Chemist: 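The structure's right below; bear with me while I get my questions together.
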Number of protein chains: 2
Amino acid sequence: MSANETRSKICEAAIRAAARDGLLSMTLDNVAKEAGVSKGGVMYHFPSKDELVSGVLEYFGNQVEQMVLQRIADDPNPRFRWARSMLTCLFPDSPSDNKTDGSALSPEIVDGFMLAAIAAAVNSPGLIEPLRQVGLRLRQRLLSDPEDGLEQLLVWLAVDGLFLWQFVGLIRRDEPLYAEIGAVLRAKVGAASNVPSGRSAISGEVQR
Amino acid sequence: MSANETRSKICEAAIRAAARDGLLSMTLDNVAKEAGVSKGGVMYHFPSKDELVSGVLEYFGNQVEQMVLQRIADDPNPRFRWARSMLTCLFPDSPSDNKTDGSALSPEIVDGFMLAAIAAAVNSPGLIEPLRQVGLRLRQRLLSDPEDGLEQLLVWLAVDGLFLWQFVGLIRRDEPLYAEIGAVLRAKVGAASNVPSGRSAISGEVQR
DNA sequence: TGACAAGAACCGACCGGCCGGTACAGTAAA
DNA sequence: TTTACTGTACCGGCCGGTCGGTTCTTGTCA
């Protein structure tokens with residue numbers, strides 16, 4: 001097995017353990033066991049716990065960022081492009097469709113990214129700095145849209161709020177409300193199920 | 001000093017330490033030191049770490065819940081009452097006004113509540129169960145508003161998303177954007193600065 | 001082709017420190 | 001006398017980190 005494969009395997013195992021048994025169980029020993037690797041093997045790829053956590057964050061963060069940015073680039077309609085990309089990437093239209101065509105991220109990756117971010121913030125404030133930079137850039141670009149910037153930001157915030165709810169157990173993916181919220185948000189930014197540039201029935205002119 | 005005063009002192013100290021040095025530094029020894037109490041003193045009031053964490057969560061949660069519910073009860077205008085209450089309680093109009101008239105919560109309490117919730121979720125999933133119950137009840141009541149339920153929920157979610165952003169360092173209270181977001185949200189639910197039942201210039205009919 | 005050196009990838013026993021928790025004797029106030 | 005602590009000493013476990021060693025892979029050269 002190549003080095004990169006093992007690294008990925010470790011990152012995924014770390015999140016799997018954290019998701020199942022809580023963030024505190026993301027110890028070197030547990031992660032090693034979960035990944036089917038020895039502790040020394042983990043330490044070989046990530047010389048310290050901090051580097052493991054930031055490595056995990058980077059691993060998931062890159063996947064999310066790539067997907068979101070590509071969706072924006074592919075979207076012909078500039079209006080609400082940012083928020084629409086986030087929604088289609090982070091909310092699969094229906095919980096059951098595991099599309100492998102690369103048009104959306106699997107819940108595992110999305111939740112993993114979230115968990116990794118919280119894990120980083122918990123372990124040491126310095127670890128989220130790279131993520132912070134990415135977030136700030138994204139924020140700035142989104143807000144540079146003169147008309148709809150703030151409105152899109154609110155959609156983004158709502159999505160993140162939903163993650164927080166999930167984290168503290170206030171909502172679960174399989175609840176009907178979860179899909180309802182996704183539908184309302186999607187409607188707000190004109191993201192139909194399969195027609196990205198579709199016109200929403202709901203969102204009237206909200207701004208100004 | 002009475003027992004309850006000491007309990008409060010310990011709870012506040014726990015959050016102070018966590019906010020300053022990270023969640024992991026919320027150890028029994030550190031909390032005791034921060035509170036100016038011996039470790040035995042902490043263990044006297046909270047027989048275990050779990051009980052300390054859930055006690056802290058309860059301490060801050062009660063303050064937030066009380067304030068939010070009272071605001072709702074005092075509001076003569078039923079439309080968007082829930083979301084409006086949250087906003088006025090959790091977003092002070094301007095960062096500098098420390099009103100002691102009890103019309104809003106201090107940022108310390110709000111952030112403390114947030115930190116406590118995350119701390120509980122991190123330490124052990126079971127600890128947030130009481131908070132979960134409160135949240136679910138609140139959610140249900142809010143959604144029972146047939147017209148504006150989901151719209152208010154989005155405001156709530158955005159507020160929580162903003163907390164998450166704060167936690168991972170994506171935004172700070174003193175940034176102009178923070179106040180801007182507050183203003184937009186307040187406008188959406190018709191919460192003017194000092195006229196709770198005011199009509200917003202922005203939020204048109206969004207629903208249906 | 002095959003022997004072999006060299007480094008990359010990985011193993012797992014071990015260590016020191018910290019953390020949650022216990023035990024208990026003492027004390028000041030109500 | 002009860003309540004509300006203080007202070008100290010201690011324990012067992014876990015966790016991050018170290019280290020000497022092993023196995024796998026790859027390039028080199030006769």
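The structure presented is a predicted model; accordingly, all values stated were derived computationally and were not measured. Within every chain, numbering begins at 1; the chains are lettered A, B, ... in the order of the sequence lines, protein sequences first and strands thereafter.
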Chemist: Please tabulate, for side-chain N and O atoms in residues 21-35 of chain B, each donor-acceptor pair with protein atoms closer than 3.5 Å (sequence neighbours left out).
Modeler:
from    : atom 1 : to      : atom 2 : distance (Å)
B:Ser25 : OG     : B:Ala17 : O      : 3.4
B:Ser25 : OG     : B:Gly22 : O      : 2.9
B:Thr27 : OG1    : B:Asn30 : N      : 3.2
B:Asn30 : ND2    : B:Ser25 : O      : 3.0
B:Glu34 : OE1    : B:Arg20 : NH1    : 3.3
B:Glu34 : OE1    : B:Arg20 : NH2    : 2.8
B:Glu34 : OE2    : B:Arg16 : NH1    : 3.0
B:Glu34 : OE2    : B:Arg20 : NH1    : 3.3

Chemist: Can you pull out the residues from residues 21-47 of chain A that lie within a 4.0 Å heavy-atom distance of DNA chain D?
Modeler: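 Output list: A:Thr27, A:Leu28, A:Lys39, A:Met43.
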Chemist: Looking at B:Glu51, I'd like to know if its CD atom is crowded, meaning that more than 12 non-hydrogen atoms belonging to other residues, nucleotides or ligands lie closer than 6.0 Å.
Modeler: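 Yes, CD of B:Glu51 has more than 12 neighbouring heavy atoms, counting only those of other groups under 6.0 Å.
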Chemist: Which residues in residues 116-130 of chain A have a heavy atom closer than 4.0 Å to any atom of DNA chain D?
Modeler: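 Going residue by residue through residues 116-130 of chain A, none turns out to have a heavy atom under 4.0 Å of DNA chain D.
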Chemist: Could you give the angle between the helix axes at the two ends of the helix from C:dT1-D:dA30 to C:dA30-D:dT1, with five pairs per end, rounded to 10 degrees?
Modeler: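 Axis-to-axis angle, ends of the helix: 10°.
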Chemist: With distance as the sole criterion, is a donor-acceptor pair present between the side chains of A:Gln133 and A:Glu129 under 3.5 Å?
Modeler: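 A:Glu129 and A:Gln133 do have a side-chain donor-acceptor pair below 3.5 Å.
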Chemist: Can you identify which nucleotide, out of D:dG17, C:dC10, C:dG21, has its nearest atom closest to the A:Thr6 side chain?
Modeler: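 Looking only at heavy atoms from C-beta outward on A:Thr6, the closest nucleotide is C:dC10.
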Chemist: Applying the side-chain contact (heavy atoms from CB on, under 4.5 Å) criterion to A:Trp82, which one of A:Leu138, A:Val189, A:Asp75 satisfies it?
Modeler: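 Only match with A:Trp82 under side-chain contact (heavy atoms from CB on, under 4.5 Å): A:Leu138.
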Chemist: State, with a plain yes or no, whether a side-chain heavy atom of B:Asp111 is found less than 4.5 Å away from one of B:Arg173.
Modeler: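 With C-beta onward as the side chain, the pair touches.
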Chemist: Show the numbers, then the answer: is there a ring pair (Phe, Tyr, Trp, His ring centres under 6.0 Å) between A:Tyr178 and A:Phe91?
Modeler: CA-CA 9 Å; A:Tyr178 195 93; A:Phe91 276 90; 5.3 Å; yes
Chemist: Is B:Glu58 salt-bridged to B:Arg7, cutoff N-O under 4.0 Å?
Modeler: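 Looking at B:Glu58 and B:Arg7, the cut-off is not met.
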Chemist: Report the C-alpha distance between A:Leu115 and A:Phe167 in whole Å, list the side-chain angles of each, state the deciding distance to 0.1 Å, and finish with yes or no for side chain to side chain contact (heavy atoms under 4.5 Å, CB included).
Modeler: CA-CA 8 Å; A:Leu115 257 181; A:Phe167 183 67; 3.9 Å; yes
Chemist: Would you kindly give the CG-to-C1' distance between A:Asp50 and D:dG17, to the nearest whole Å?
Modeler: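 Rounded to the whole Å, the gap is 12 Å.
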Chemist: Mind listing the N/O atom pairs, protein and nucleotides 25-30 of chain C, below 3.5 Å?
Modeler:
none

Chemist: Under the side chain to side chain contact (heavy atoms under 4.5 Å, CB included) criterion, do B:Leu127 and B:Leu57 qualify, and how do the steps go?
Modeler: CA-CA 9 Å; B:Leu127 297 179; B:Leu57 180 57; 5.8 Å; no
Chemist: Within this structure, what is the CZ-to-P distance between B:Arg7 and D:dT3, rounded to whole angstrom?
Modeler: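 Going from B:Arg7 (CZ) to D:dT3 (P), I get 16 Å.
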Chemist: To the nearest Å, give me how far apart NZ (A:Lys49) and P (D:dG16) are.
Modeler: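 So the NZ-P distance, A:Lys49 to D:dG16, works out to 4 Å.
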Chemist: For A:Phe80 and A:Gln152, what are the C-alpha separation, side-chain angles and deciding distance, and is it a side chain to side chain contact (heavy atoms under 4.5 Å, CB included)?
Modeler: CA-CA 6 Å; A:Phe80 289 137; A:Gln152 291 189 76; 3.4 Å; yes
Chemist: Report yes if some heavy atom in the side chain of A:Leu87 is under 4.5 Å from a heavy atom in the side chain of A:Lys188; otherwise report no.
Modeler: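 No - every pair of side-chain heavy atoms lies 4.5 Å or more apart.
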Chemist: Mind checking what makes side chain to side chain donor-acceptor pair (under 3.5 Å) contact with A:Tyr44, not counting sequence neighbours?
Modeler: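 Partners of A:Tyr44 by the side chain to side chain donor-acceptor pair (under 3.5 Å) criterion come out as none, since no residue qualifies.
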Chemist: Quick one, A:Met114 with A:Phe60, criterion side chain to side chain contact (heavy atoms under 4.5 Å, CB included). Give me CA distance, side-chain angles, the key distance, then yes/no.
Modeler: CA-CA 9 Å; A:Met114 199 57 216; A:Phe60 285 94; over 6 Å; no
